[in-house]
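Numbers restart at 1 for each chain; the letters A, B, ... are given by sequence-line order, proteins then strands. Excluded from the calculations below are hydrogen atoms, water molecules and symmetry mates; all remaining heavy atoms, backbone and side chain alike, are included.
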There are 2 protein chains.
Amino acid sequence: MSTQIPTPGKPVRGSQSGKPIMALFDLLGRSWALGVIWQLSRGPMTFREIQTSCERVSPTVLNKRLKELTSSGLVARGDTGYELTATGEELFGLLEPFGAWSKQWADSLQESDPHA
Amino acid sequence: MSTQIPTPGKPVRGSQSGKPIMALFDLLGRSWALGVIWQLSRGPMTFREIQTSCERVSPTVLNKRLKELTSSGLVARGDTGYELTATGEELFGLLEPFGAWSKQWADSLQESDPHA
DNA sequence: TCCTATTGCTACTCTTTATGTAGCGCCGTA
DNA sequence: TACGGCGCTACATAAAGAGTAGCAATAGGA
């Protein structure tokens with residue numbers, strides 16, 4: 001378990017500079033990171049609840065993501081399970097518009113390529 | 001080259017439902033996808049320019065990402081290289097606030113863990 | 001015309017990351 | 001005491017990414 005957790009100020013996957021945005025992109029650009037935040041925005045969830053709401057995530061990966069998100073201050077463990085921290089909620093605030101946008105995007109893709 | 005490109009409406013990595021947001025997260029949750037969009041927001045760039053501006057991206061992966069982003073309608077090839085489409089610019093509009101936010105996030109992480 | 005330089009990209013090997021399944025140890029309840 | 005759900009961990013396999021070399025195509029100059 002020698003996984004490097006992306007941290008601003010330290011070189012991360014794909015960036016020597018340690019630019020915060022690159023650290024953030026590294027953190028979020030891992031499988032299920034965005035999905036977990038998305039799910040948790042609906043309220044605290046247990047490990048297994050997250051697992052089932054994200055349809056296929058393996059416990060191995062979910063555990064890694066939760067550790068990364070926790071040590072990045074986006075997620076914490078409360079009494080009722082995992083939940084977003086204030087910082088995590090903030091980030092979700094930025095993420096939320098993606099929901100509506102993704103629907104438009106889906107529609108526009110269908111128009112231009114109905115066979116998809 | 002049997003890579004499945006995430007497309008809303010079709011099952012994607014981690015989602016049978018084909019929910020647009022999940023397809024989007026799958027697309028963006030791949031290494032360098034977010035970084036490439038970020039870089040391209042500054043204007044059209046050649047393949048090699050993207051490669052060097054993203055400090056370490058291997059041509060293999062960059063090519064895959066560009067193909068994915070192109071077939072998702074976010075990126076296109078113009079006369080002066082790769083560039084964001086109107087849709088891509090739209091998405092970047094949502095992404096832009098992450099820049100400022102990531103700096104705050106970096107600061108708050110340093111406070112709570114100065115050894116990072 | 002030939003040389004050179006740059007571009008987009010493929011081929012290849014090796015490492016890292018993710019998947020999928022099984023199951024353990026720890027509660028709380030009956 | 002047995003049972004169930006919980007948060008995981010272990011393991012084997014598959015997929016994705018890194019890193020390096022180099023090719024075909026185009027552009028420019030001598």
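Comparing D:dG19, C:dC9, C:dT7 by their nearest atom to the side chain of B:R56 picks out D:dG19.
For A:W38 (side chain) and A:G99 (main-chain N/O), no donor-acceptor pair under 3.5 Å exists by modelled atom type. Distance alone, capped at 3.5 Å, places no donor-acceptor pair between the B:S102 side chain and the A:L24 backbone. Without hydrogens or angle criteria, B:E49 side chain to B:T46 main chain gives a donor-acceptor distance under 3.5 Å.
Atom-to-atom, CZ of A:F47 to P of D:dG4 comes out at 21 Å; the value is rounded to the nearest Å. Following rounding to the nearest Å, B:L62 (CG) and D:dT20 (P) show an atom-to-atom distance of 16 Å. When rounded to the nearest whole Å, the span between CD of A:E68 and P of C:dA18 equals 7 Å. Between the P atom of D:dG7 and the CD atom of A:Q51 lies a distance of 9 Å, rounded to the nearest Å. Regarding A:N63, its CG atom lies at a distance of 15 Å from the C1' atom of D:dC11, rounded to whole Å. For the pair B:I50 CD1 and C:dT7 P, the interatomic distance rounds to 12 Å; values are reported in whole Å. Taking atom NZ of B:K64 as the reference point, atom C1' of D:dA15 lies 8 Å away to the nearest angstrom. For A:R30 and D:dA18, the CZ to P distance is 11 Å, given to the nearest whole Å.
The two residues B:F47 and B:L62 have their closest heavy-atom pair at O-CD2, 3.6 Å.
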